[in-house]
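Residue numbering restarts at 1 for every chain, and letters A, B, ... go by the order of the sequence lines.
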Amino acid sequence: MAGDLLDILNPQQRQAVTAGDGPVLVLAGPGSGKTRVLTYRIAYLIRERGIPPYNLLAVTFTNKAAGEMRERVEGLLGGRLDGLTIGTFHAICAKLLRVEADRTPFGRDYAIYDTDEQASVVKGVMSQLNIDMKRFKPGAVLNAISQAKNELILPNDMPRNDYFGEIVARVYPLYQQALVNSGAMDFDDLLMQTVLLLRDDEVVREKYQRRFAYVLVDEFQDTNTAQYELVRLFGAPQLNIFVVGDEDQGIYAFRGADYRNVMAFRRDYPGAEVVLLEQNYRSTQNVLDVARAVIDKNTKRTPKHLFTDRGEGPKVIVQEVYTEADEAQFAAETIRSLMRSDGYSFRDFAIMYRTNAQSRPFEDACVQYNLPYKLVGGVGFYKRREVRDLVAYLRVINNPNESVSFDRIVNVPGRGIGDKTLAAFKMWAADQGWSVARALSEIAGGAAVPFSGRAAKAFAEFARQIEAWQAFVEVEGSTLEALFDDITGQIGYAAYLREISDTPEENEERMQNLAQLRAVMKEKSHLSLRDFLEETALVAEIDSLDATKNGVTLLTLHAAKGLEYPVVLITGVEDGLLPHSRSITEPEAMAEERRLLYVGVTRARERLYLTYAFRRSLYGDSMLAEPSRFLGDIPAALTEGNWFRVKKMRDQTALEQATRWEREPNNVISFEQKLRDMQASPRDRSKAPPPRPTPTLKYPPGVRVFHAKFGEGVVLNSTRVGDDEEVDVQFAQAGRRVLSASFANLVLLGR
DNA sequence: GGGCGCGGGATTTTT
DNA sequence: TCCCGCGCCC
């Protein structure tokens with residue numbers, strides 16, 4: 001195979017794929033074929049070097065990438081590779097901890113807590129410690145704990161540099177204890193506990209070091225300290241470690257990732273062979289030039305010279321729009337017209353944005369323009385109340401000691417077990433020295449409980465149900481969907497959903513989610529309950545992105561990593577959004593915002609659009625927005641669009657405003673200013689609204705107007721916004737629109 | 001024990 | 001704007 005396999009690689013790719021033993025660092029620019037290099041490297045090791053698949057460990061960034069990589073390697077080698085380990089750090093660690101459960105404090109049936117569940121544990125601990133949760137937000141404390149775990153700092157080793165640190169140092173040990181008591185780990189534990197196990201337990205360490213003779217890691221720039229340490233531990237002593245990364249694409253610092261690990265690798269593995277991949281096979285030259293203009297402003301990076309032979313391509317369009325609704329409309333119209341003119345298909349388009357909250361108008365516009373779309377993220381399926389409830393039942397059946405799930409469902413649907421009864425139960429179990437699991441089975445067996453008739457009966461019934469379901473799971477041939485049916489039937493869950501739903505539509509939606517969960521369980525029926533729960537805990541939003549469905553993809557810039565599309569629209573390219581206001585004061589964070597834009601730009605194969613709005617609403621209020629400062633770094637020669645003209649117009653408006661003799665109270669503040677204000681101090685709501693100037697409307701309701709694009713229309717409504725006027729117009733042809741007077745150039749036609 | 005209404009706060013990104 | 005948590009009341 002060697003010949004045909006390696007033929008399609010360029011010399012640098014081939015050098016990487018065929019590198020000898022020892023550490024290898026591949027510095028791979030976007031679109032330079034790094035996935036190809038990784039898959040070929042695996043195939044090469046197996047086929048040419050005779051390494052059994054069992055001895056390989058490949059780490060990818062998402063489960064989806066893992067699945068695709070496995071398929072591609074199997075395709076190259078023409079057969080299934082059962083022994084090969086490919087997965088995310090988290091999934092690989094979860095498996096390992098399951099296998100080695102006897103050597104961890106968590107047991108085999110541990111649950112994996114997501115952020116909400118972690119928060120509920122943190123809140124429990126904080127209220128137990130009488131910490132003011134208004135002053136110290138549980139989320140912030142949790143974040144600090146998470147960071148600590150990523151840095152491999154143990155509960156009792158937290159530095160107490162300031163009072164917040166002191167609070168965290170108090171919460172962390174109790175939080176961790178609560179997790180152990182529940183037999184639950186958080187995401188960070190999956191990594192940290194594995195590191196601790198490998199460090200402290202020689203037998204386990206040697207077992208895996210022997211097994212994983214070759215270690216390969218993708219997206220190395222997004223590893224954190226714990227992951228870096230895992231690579232070292234798995235890779236020793238042979239150090240056959242093959243890592244692929246690009247410092248310019250490090251976008252996960254907020255969860256402890258450090259792109260400098262790429263350079264640290266050179267330092268820590270001095271003999272490492274370094275390969276640079278600079279030829280880009282994805283994008284046109286214009287796109288690459290824009291990307292480069294953006295990223296070049298970052299210091300502390302290895303300059304790269306990306307080149308392509310795909311031609312210059314069309315210019316990058318920079319488009320100013322009026323509001324986020326117009327932005328969405330522009331996107332939808334652009335997609336429609338490109339489909340008409342160039343024969344693109346829905347799946348060729350991606351709309352990207354900085355924050356999930358921006359997705360809504362695009363969804364609306366897609367519906368309006370009849371564009372099928374695939375939304376990545378948002379309120380995830382597994383975050384839905386009804387789905388969480390059912391998953392909590394499954395978790396309790398799997399392990400009743402897992403307290404967040406237990407507390408969640410013990411009285412859902414209501415069975416007459418309130419806070420008082422629950423507290424009494426826990427107290428009683430603790431007095432007996434029993435775990436919750438033990439106490440439940442004692443109750444099911446008829447043990448006397450310390451509360452009155454009705455609650456006692458309810459508890460006994462609940463305990464017997466749990467026991468019956470546990471027995472059901474053990475029955476040979478029982479399926480997950482049968483378990484699902486039995487649970488929902490017994491607890492009367494459909495009736496409960498009807499009760500808690502405010503509208504028939506809401507009820508319908510919940511029932512559909514339930515049906516979808518059942519479908520997933522049916523599909524996964526070959527898994528044990530334990531494995532099913534593990535899998536659902538570790539799915540990422542992006543994993544559910546269905547390549548077979550034809551639709552426009554809506555996703556955050558973070559989720560776009562590793563993907564590519566013929567046409568990319570990056571939206572909300574505004575100061576305060578991209579770069580995000582929370583990053584603006586911090587040079588390191590700003591550098592990451594730049595990388596984020598860089599990642600987005602380099603997803604585009606052929607066409608790239610950058611849009612920003614003139615007004616954007618936040619928490620209900622509409623505010624002026626500023627184009628992103630990053631746009632200023634892009635040479636005008638690479639772009640076209642209306643942005644320059646509009647910018648000038650706006651400068652003129654500002655000039656007029658500044659030189660006007662009669663000053664009106666200016667109650668329009670910038671978007672960014674507002675964000676900053678809100679961070680600095682909570683909004684004071686007791687204050688009366690500022691007195692409004694008596695409105696003298698230029699476009700009062702009823703008046704007829706003319707617009708260059710929309711034609712003739714009648715003003716339905718008009719409101720004054722600062723020095724500007726917002727006009728709601730019903731056009732004869734173009735329908736109803738809300739326009740900014742200063743921007744729309746409406747011509748008054750009279751009544 | 002459960003339901004309702006009010007007030008305050010808000011996630012930027014995710015395994 | 002919207003959602004959550006708390007407190008009050010039944």
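- Protein atom CG of Asn411(A) is 14 Å distant from nucleotide atom C1' of dG3(B), rounded to whole Å.
- Nucleotides dC4(C) and dT13(B), compared at atom C1', are 22 Å apart to the nearest Å.
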Show the distances under 3.5 angstrom between N or O atoms of the protein and N or O atoms of nucleotides 4-8 of chain C.
residue	atom	partner	partner atom	Å
dG5(C)	OP1	Lys123(A)	NZ	3.4

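- The ring-ring contact (aromatic ring centres under 6.0 Å, His included) search around Tyr373(A) returns none, not counting sequence neighbours.
- Taking the ring-ring contact (aromatic ring centres under 6.0 Å, His included) definition, one finds that Phe220(A) meets it with Tyr228(A), Phe265(A), sequence neighbours left out.
- Proximity of residues 245-256 of chain A to DNA chain B (heavy atom under 4.0 angstrom from any strand atom) is restricted to Tyr252(A), Phe254(A), Arg255(A).
- Taking the side chain as every heavy atom from C-beta outward, Ile251(A) and Tyr259(A) never approach each other to under 4.5 Å.
- Atom CD1 of Ile584(A) and atom C1' of dT12(B) are 12 Å apart (whole Å).
- For Thr355(A) and Phe89(A), each mapped to the nucleotide of DNA chain B holding its nearest heavy atom, the one lying further toward the 5' end belongs to Thr355(A).
- Under the 6.0 Å cut-off for aromatic ring centres, His558(A) and Phe254(A) qualify, their centroids lying closer than that.
- Atom CG in Leu557(A) sits about 10 Å away from atom P in dT14(B), given to the nearest Å.
- Partners of Glu151(A) according to the salt bridge (charged side-chain N to carboxylate O under 4.0 Å, His left out) rule, which considers only residues two or more places apart in sequence or in another chain, do not exist here.
- Listed by chain and residue number, Phe406(A) satisfy the ring-ring contact (aromatic ring centres under 6.0 Å, His included) test with Phe462(A) (two or more places apart in sequence, or in another chain).
- Nucleotides dG5(C) and dT12(B) have their C1' atoms positioned 24 Å apart, rounded to a whole Å.
- The CG-C1' distance, from Asn356(A) to dT1(C), rounds to 17 Å in whole Å.
- At the heavy-atom level, Thr421(A) lies under 4.0 Å from the strands shown only through sugar-phosphate atoms.
- Atom CG in Asn63(A) sits about 15 Å away from atom P in dT14(B), given to the nearest Å.
- With sequence neighbours excluded, the residues satisfying side chain to side chain contact (heavy atoms under 4.5 Å, CB included) with Pro138(A) are Val122(A), Lys123(A), Met126(A), Met133(A).
- When the nucleotides dT11(B), dT15(B), dT14(B) are ranked by their closest atom to the side chain of Arg582(A), dT11(B) comes out on top.
- Residues satisfying the side chain to side chain contact (heavy atoms under 4.5 Å, CB included) criterion with Lys374(A), sequence neighbours excluded, are Leu545(A), Lys549(A), Thr553(A).
- If you check dG9(B), dT12(B), dT14(B) against the side chain of Lys137(A), the one that comes closest is dG9(B).
- Atom CG of Leu190(A) is separated from atom C1' of dT14(B) by 14 Å (rounded to the nearest Å).
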Solution key, residues 183-190 of chain A side-chain donor-acceptor pairs under 3.5 Å, sequence neighbours excluded:
residue	atom	partner	partner atom	Å
Asp186(A)	OD1	Lys149(A)	NZ	3.3
Asp186(A)	OD1	Asp188(A)	N	3.1
Asp186(A)	OD1	Asp189(A)	N	2.7
Asp186(A)	OD2	Lys149(A)	NZ	2.7
Asp186(A)	OD2	Tyr175(A)	OH	2.8
Asp188(A)	OD1	Ser146(A)	OG	3.4
Asp188(A)	OD1	Asn150(A)	ND2	3.4
Asp188(A)	OD2	Ser146(A)	OG	2.9
Asp189(A)	OD1	Lys149(A)	NZ	3.1
Asp189(A)	OD1	Gln176(A)	NE2	3.2
Asp189(A)	OD1	Gln193(A)	NE2	3.2
Asp189(A)	OD2	Lys149(A)	NZ	3.0
Asp189(A)	OD2	Gln176(A)	NE2	3.3
Asp189(A)	OD2	Asp186(A)	N	3.3

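- Atoms CG (Leu96(A)) and P (dT15(B)) sit 21 Å apart, rounded to a whole Å.
- Protein atom OH of Tyr496(A) is 10 Å distant from nucleotide atom P of dG2(B), rounded to whole Å.
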